[in-house]
Amino acid sequence: MLLSALSLATAESMKKDVGSETWQAQKSILLKHLKHGDLDDFVQVVCSFIKQDFDATLSLLSTQRLLTASRDVETTAYLCRNLFDRIDLLSLSGKQKSKLKTHLKISTEFQTIMSILAKRSSQLKIWNHSFTTLVVHVATNIDFVALRVHHDDALTMAEIAPFDGKEVSESFRNGYVRDISDDANVIINEARRLFRKGQLGSDDSPVDVDDLVEAFGVANDTLKASQFWDFYSYKNAHASVTDESITIRVQQTNQQRAWDWSKTRHSSADSVDKILFGKVYLPAQQKHLKALSGLQPQQLEVFLESPAGEELRKDLHSVKAIISSNILKHVGRDLDLDAKFTLEAGIFSARELAKVWGILMFYMACGRIWQRAIYDATNSVIVATLKRGTLVLAIQESLEVDETKARSLIDQFELVISQSNRWDLFYRPLIHFNDSEVMLALTVIETSRFYRNLLTIIVTEGGGDLSMKGKKHLDLLEKDFMRAGFRILRDKKIFDPGGKPLTDVDLAVSKDGEVILFQSKILIQSDTSYDEWKINNILKNAAEQMNSSIPELQRFLARHAKGLAIDPKKCNVTLALVTNVWNYTGAEVGKYLVVDTSYLSMILNGATVSTIRSDTNERFARRKFIADDFPTGQEFVFLMKNPIHQEVFEIEEPAWAEITICDRKFRFHALESTK
């Protein structure tokens, strides 16, 4: 055995705290053993962990993917088989043995499926092409699918989904196009990986359509398998395995229900955000498609310089302002818009990046109408390219910056394989076409959620700290609380009897005998099951900190009684976690209520819900949830504990659905994917 005594001693130390930083160190040791083939040692340590804390160890095996870390099906099968053989020798209950055996079967199944998909991917002919050729054809294919799905009246959705030719909602069509864009990213990320390993070809001839369709099929299966694996790993789902199928069933906890409601809130908010864009874009689209009927293939740049193109640009000029304003509104809640961030291509402010995205959206809108007109006339799709000089001038005019700064902003959004950047098309939708031109990935720009992507870029690429920048959320909330008549304290600590800080109270407010103490966690909106799991862990840690301070809570209230204008012995105290993400509002984490800043702001500013007409932007059917202009302390606490959206919005009950990947059936609750 190569496992050292130190490793076993470390395993012993896990009795009190499996899952902490100590585990991260131990995980590194285990992965090192796997890499060097010390599989029996790995199994031995895992068994020792299971004896000490079964639930925590099983969770770690699942969320850390330790049994499949090698990404080799033979290694995974060996580990799972050895663990399986030892289960009956461990002092576990029948239920625990069953759960562990199921996890071993699931791990083996997923690794087998992913290995089959990896082999299918390695055999694709598209890898014989150069990166630029491949990316251009992939992006063009997405545009072709988007045009067909949205604009072919004769197209029945039965061609792409089993709906028996029934009319399908626009939201489904949008979701399908987004899924195709995700598949494209899987292809491009694999191409970049092969390029860096020197395994990508250099053929610049056109990509065969059948080869491309096959690649999208493999990518879609890979993406779906990964999503189901994530769903199982990070959603605390129940699972079962038979010879024919894998069944995954999510637990309907209060956190999952809050997640479902948050998706409904996001859909509603997104619809409102799209109204102004649609009011400008849709009439212009209808007008110009009629005027451009029969348009023959020509370059986008040539078209935009024609009289018809100039008129289109004039009609869509306000799109830039609308998009930039909308992005700035969202980003401004988290960040100082004029703060500078050092990113890969230069030093930029959030305001500059948002305005450049507005320019890209403007050219996307122009390009989509141009592309649609040609498609309607010829049933073909033309690549949308622009000269860098055109974008440089547009950026200089809009941002009032010099040419060097404008070019660096283009570099920030350009996908160039020779660069070290690791962002996908959703972050870099300008494809390096040649030395003087870039290709616009129109569909990617149209479906990308730039607000979330911008925060990710700033945090990951620029080393930004949202917990610090997120103080802006508390600044805005403080103003709302003051306007609503609450007493407020900021950034106060709770100490133990010896004077050691136990936790921070980021915001303490009081009114009408109600006291609410908030601990704040400012994060990036979750986009996958893994993201959601990470957020949940952060909130759990915050709850543990708050829990440690409970014995000293009365002393804290007495110390700050004057500032909060309370009688510590007669007030009602509510402890809550406040965050900028919507996913957990109304749920409890570690027995503490979670609420988001946007929802709190809405309560403090009148707790009124309105319906908005999409054609006129008129608000009507107002419903007020408090008696006066501002909430009483009791109303505020009640609405915190009983979120309005749980009454206003209806969410669909989960239904069973089924999909086949690599001849294996996946049965699962048809909850919308988080991708």
Side-chain angles (χ1 to χ4, degrees), residues 19-21 24 63 234 236 253-256 258-259 261-263 265-266 330-336 451-452 454-456 458-460 463-478 480-481 488-494 501-509 516-550 553 556 573-604 640-641 643 674:
S20 67
E21 291 181 3
Q24 294 300 323
T63 58
Y234 305 118
N236 194 25
T253 62
N254 68 341
Q255 291 180 21
Q256 183 61 46
W259 171 267
W261 266 306
S262 80
K263 289 188 294 185
R265 283 180 67 194
H266 277 293
H330 288 293
V331 175
R333 294 170 182 165
D334 286 323
L335 304 170
D336 179 353
Y451 158 60
R452 182 192 182 281
L454 175 59
L455 296 181
T456 304
I458 288 174
V459 170
T460 307
D465 183 356
L466 278 186
S467 65
M468 294 299 295
K469 304 293 186 298
K471 294 292 185 182
K472 186 164 186 179
H473 278 281
L474 298 183
D475 293 339
L476 295 174
L477 271 181
E478 182 176 8
D480 289 336
F481 275 117
I488 304 161
L489 294 175
R490 289 278 300 273
D491 301 324
K492 301 299 181 182
K493 294 185 182 299
I494 298 180
L502 293 172
T503 191
D504 295 319
V505 176
D506 296 311
L507 187 64
V509 300
I516 307 97
L517 306 181
F518 293 103
Q519 186 170 116
S520 171
K521 293 296 178 184
I522 304 304
L523 307 161
I524 295 176
Q525 187 69 44
S526 60
D527 197 40
T528 64
S529 297
Y530 175 65
D531 292 333
E532 183 188 358
W533 174 77
K534 287 194 297 183
I535 290 174
N536 190 41
N537 281 349
I538 292 171
L539 293 176
K540 280 183 178 179
N541 290 336
E544 290 172 2
Q545 283 184 308
M546 188 172 284
N547 200 45
S548 68
S549 66
I550 294 298
L553 189 57
F556 174 84
V573 181
T574 301
L575 304 179
L577 306 174
V578 61
T579 180
N580 57 317
V581 301
W582 292 6
N583 305 55
Y584 290 91
T585 293
E588 290 184 351
V589 173
K591 298 182 180 180
Y592 296 105
L593 181 69
V594 183
V595 65
D596 70 86
T597 54
S598 174
Y599 178 68
L600 291 183
S601 181
M602 186 271 292
I603 297 175
L604 294 169
M640 277 182 57
K641 295 180 177 180
T674 57

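All values reported here derive from a predicted model rather than from experimental measurement. Note: hydrogens, waters and symmetry copies are ignored here, and every other heavy atom, side chains too, is used. Index from 1, following the sequence.
Rounded to the nearest 0.5 Å, atoms CG (L477) and CD1 (I488) are 9.0 Å apart. For the atom pair OG1 (T528) and CH2 (W533), the distance works out to 11.0 Å, reported to the nearest 0.5 Å. Separation of atoms NZ (K492) and OG1 (T503) is listed at 15.0 Å; rounding is to 0.5 Å.
The shortest distance between side-chain heavy atoms of F556 and L517 falls below 4.5 Å. By the 4.5 Å heavy-atom criterion applied to side chains, R490 and D475 are counted as neighbours. Residues N536 and Y234 fail the side-chain proximity criterion, which asks for heavy atoms closer than 4.5 Å. Side-chain contact check for L600 versus M640: some heavy-atom pair is nearer than 4.5 Å.
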Chi angles and distances behind the side chain to side chain contact (heavy atoms under 4.5 Å, CB included) call for L476, T597:
CA-CA 9 Å; L476 295 174; T597 54; over 6 Å; no
For a side chain to side chain contact (heavy atoms under 4.5 Å, CB included) check, start with the C-alpha distance between Y584 and L577, then their side-chain angles and the critical distance, and finish with the verdict.
CA-CA 10 Å; Y584 290 91; L577 306 174; over 6 Å; no
Taking it one step at a time, do V578 and Q519 satisfy side chain to side chain contact (heavy atoms under 4.5 Å, CB included)?
CA-CA 6 Å; V578 61; Q519 186 170 116; over 6 Å; no
Chi angles and distances behind the side chain to side chain contact (heavy atoms under 4.5 Å, CB included) call for I550, L575:
CA-CA 10 Å; I550 294 298; L575 304 179; 3.4 Å; yes
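Shown here are the ring pair (Phe, Tyr, Trp, His ring centres under 6.0 Å) partners of F481, two or more places apart in sequence or in another chain: F486, F636. For T574, there are no side-chain hydrogen bond (donor to acceptor under 3.5 Å, both in side chains) partners, not counting sequence neighbours. Every residue meeting the side-chain contact (heavy atoms from CB on, under 4.5 Å) condition with D504, not counting sequence neighbours, appears here in chain and number order: K493, D506. Every side-chain contact (heavy atoms from CB on, under 4.5 Å) that T579 has, sequence neighbours left out, goes to L523, V581, V594.
Smallest separation of non-hydrogen atoms from E588 and K591: OE1-CA, 4.0 Å. Nearest heavy atoms, L502 versus S549: CD1-CA, 3.9 Å. Closest approach of Y599 and P643 over heavy atoms only: OH-CA, 3.1 Å.
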Would you tabulate the side-chain donor-acceptor contacts of residues 538-548 under 3.5 Å, counting partners in other chains and residues two or more places apart, or write 'none'?
residue	atom	partner	partner atom	Å
N541	ND2	N537	O	3.4
N547	OD1	Y592	OH	3.1
S548	OG	Q545	O	2.5

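Remark: of the listed residues T585, N583, N580, T585 is the sole one forming a side chain to side chain donor-acceptor pair (under 3.5 Å) with D596.
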